[in-house]
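Letters A, B, ... are given to chains in the order of the sequence lines, protein chains preceding strands, and every chain is numbered from 1. Values below: every heavy atom of this structure, side chains too, minus hydrogens, waters and symmetry copies.
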Protein chains: 2
Amino acid sequence: MVDSLEKLVEEFSKFPGIGKKTAQRMAFFVLKQRREESEALAQAILDVKSKVRYCSVCFNITEEDPCSICKDEKRDRSMICVVEEANDVMALEKTNQYKGLYHVLGGVISPLDGIGPDDLKVKELLARLKDTQIKEVIIATNPSTEGEATALYLAKLIKPLEIKVTRIARGLPAGGDLEYADQTTLASALEGRVEF
Amino acid sequence: MVDSLEKLVEEFSKFPGIGKKTAQRMAFFVLKQRREESEALAQAILDVKSKVRYCSVCFNITEEDPCSICKDEKRDRSMICVVEEANDVMALEKTNQYKGLYHVLGGVISPLDGIGPDDLKVKELLARLKDTQIKEVIIATNPSTEGEATALYLAKLIKPLEIKVTRIARGLPAGGDLEYADQTTLASALEGRVEF
């Protein structure tokens with residue numbers, strides 16, 4: 001096989017969820033693309049590395065510091081939604097429901113992986129909570145074991161500050177099916193029931 | 001969303017079989033990669049475009065002309081295996097079965113897409129067949145409607161030259177199941193039966 005093509009297949013194989021076959025199909029696609037298109041792709045990769053940084057306030061990814069959400073005067077500055085990663089912010093923003101601020105932890109507490117609170121932006125979150133404007137912290141870590149543990153840990157830290165701490169609801173997803181839901185989800189759905 | 005990240009997601013979405021979600025996961029992976037790794041990926045993309053060309057003999061992809069297969073004195077120069085695309089050569093080479101030469105057509109005859117014999121490397125194949133060393137042409141186009149039509153077309157052209165023309169066998173794939181095989185495959189498997 002051609003060396004440079006093999007090298008590209010190898011590079012693409014490093015991506016999560018991209019196997020050897022897909023990487024090969026992608027490399028052949030690059031080979032068939034027009035030169036300008038491949039150059040645009042290469043440039044986009046380099047741009048992401050040189051332009052994207054972390055917001056010094058909420059630690060979301062941004063090209064300008066502070067990020068557009070932290071700077072936006074129209075957002076509700078009394079609420080902070082705590083998430084694990086920057087892509088969680090993107091997912092929440094897509095719902096167009098939440099108008100408050102964010103705080104990106106940069107992961108979850110996971111003793112097995114050697115990740116403790118000091119490896120996350122917890123200190124920085126507590127520093128932000130000194131701002132008396134803040135009335136509520138919504139903890140939106142994932143409903144996984146680590147996500148739940150992190151949520152509990154944060155709730156314990158924040159409660160003494162006399163700020164309302166809430167957790168996003170767990171229950172059946174839209175389009176879900178009782179029959180196929182696992183026990184934990186079903187239990188959460190029952191527990192979190194709301195009145196008509 | 002961050003502009004440069006959005007741009008990269010858009011670029012990755014252009015790949016065949018890569019949807020919006022996968023493209024997004026890939027872009028975040030680039031963001032988390034070390035700078036050297038992203039630079040290696042960008043360089044690999046540019047290298048494929050600048051270094052890879054087509055072999056002037058067999059039209060396989062190569063970095064040097066003629067390609068390593070055409071140049072290899074140990075290969076059987078009495079056989080040419082005709083395939084649609086360069087990745088078919090790769091697939092056949094992996095079997096370690098075939099030791100002859102190749103000829104890459106660059107597609108198949110497909111009137112619906114406006115692709116006729118003149119758009120493929122058919123003329124170039126016929127020119128190669130003037131070499132009296134060549135005793136057999138194996139047509140290994142895909143067993144699709146267009147692949148079969150192209151195979152028939154080529155067979156008709158080559159037979160008058162008094163060169164043996166063969167077609168790769170069709171039948172049940174290894175690990176296949178009679179029950180789930182389609183009629184055409186099953187018919188081919190019966191027709192192509194071999195004696196014990």
Side-chain angles (χ1 to χ4, degrees), chain A residues 1-12 14-19 21-55 60-64 67-69 85-87 89-91 93-94 106, chain B residues 1-12 14-19 21-55 60-64 67-69 85-87 89-91 93-94 106:
Chain A
M1 192 170 152
V2 187
D3 285 349
S4 51
L5 201 69
E6 208 157 350
K7 172 81 183 136
L8 186 56
V9 171
E10 193 194 298
E11 289 293 333
F12 281 140
K14 289 180 188 166
F15 282 91
I18 303 291
K21 281 259 168 174
T22 310
Q24 200 170 302
R25 215 177 321 129
M26 288 172 69
F28 270 102
F29 179 75
V30 169
L31 192 63
K32 289 208 162 184
Q33 263 183 331
R34 277 180 297 120
R35 178 176 289 266
E36 308 88 75
E37 292 177 306
S38 311
E39 279 167 358
L41 171 60
Q43 194 55 52
I45 290 166
L46 297 174
D47 280 353
V48 158
K49 297 308 282 187
S50 61
K51 291 186 185 167
V52 179
R53 67 198 72 193
Y54 294 97
C55 172
N60 189 10
I61 51 166
T62 180
E63 286 186 8
E64 38 184 25
C67 73
S68 56
I69 296 177
E85 302 284 358
N87 39 358
V89 173
M90 268 164 50
E93 282 297 284
K94 268 189 205 147
Chain B
M1 193 170 151
V2 186
D3 285 348
S4 50
L5 200 69
E6 208 158 348
K7 172 80 183 137
L8 186 57
V9 171
E10 193 194 297
E11 289 293 333
F12 280 141
K14 289 179 187 166
F15 282 91
I18 303 291
K21 282 261 168 172
T22 310
Q24 200 170 302
R25 215 176 321 129
M26 289 172 70
F28 271 101
F29 179 76
V30 169
L31 192 64
K32 290 207 162 184
Q33 263 183 332
R34 277 180 297 119
R35 178 176 289 270
E36 308 88 76
E37 292 176 306
S38 310
E39 279 167 0
L41 171 60
Q43 195 55 52
I45 289 167
L46 297 174
D47 280 353
V48 158
K49 297 307 283 186
S50 61
K51 290 186 185 167
V52 179
R53 68 198 73 193
Y54 294 97
C55 172
N60 189 9
I61 50 168
T62 180
E63 286 186 10
E64 39 185 22
C67 74
S68 56
I69 296 176
E85 302 284 357
N87 39 357
V89 174
M90 269 164 50
E93 282 297 285
K94 269 190 204 145

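- A:Ile61 approaches B:Val2 most closely through the heavy-atom pair O-CG2, 3.4 Å.
- In terms of heavy-atom pairs under 4.5 Å with chain A, the best-connected choice from B:Gln33, B:Arg25, B:Lys7, B:Glu37 is B:Gln33.
- Counting heavy-atom pairs closer than 4.5 Å to chain A, the top residue among B:Ser4, B:Ala42, B:Ala44 is B:Ser4.
- The two residues A:Lys14 and B:Phe29 make their nearest non-hydrogen contact at O-CZ, 3.3 Å.
- With a 4.5 Å cut-off on side-chain heavy atoms, B:Leu5 and A:Asp47 do not count as touching.
- Note that the CG atom of B:Leu31 and the CD1 atom of A:Ile45 stand 12.5 Å from one another [nearest 0.5 Å].
- Residues A:Ile18 and B:Ile18 have side chains in contact (heavy-atom distance under 4.5 Å, counting atoms from C-beta outward).
- Interface summary for chain A: among B:Arg35, B:Glu64, B:Glu63, B:Glu10, the most heavy-atom pairs under 4.5 angstrom belong to B:Glu63.
- Side-chain contact check for B:Leu41 versus A:Phe15: some heavy-atom pair is nearer than 4.5 Å.
- Neither the backbone nor the side chain of B:Glu93 comes within contact range of chain A; no heavy atom of the residue lies under 4.5 Å from a heavy atom of that chain.
- In this structure, chain A has no heavy atom under 4.5 Å from any part of B:Ser68.
- We find the CZ-NZ distance between A:Arg34 and B:Lys49 to be 9.5 Å, quoted to the nearest 0.5 Å.
- Proximity to chain A is limited to the side chain of B:Leu46, based on heavy atoms less than 4.5 angstrom apart.
- Across B:Gln43, B:Met26, B:Glu85, the residue that shares the most heavy-atom pairs under 4.5 angstrom with chain A is B:Met26.
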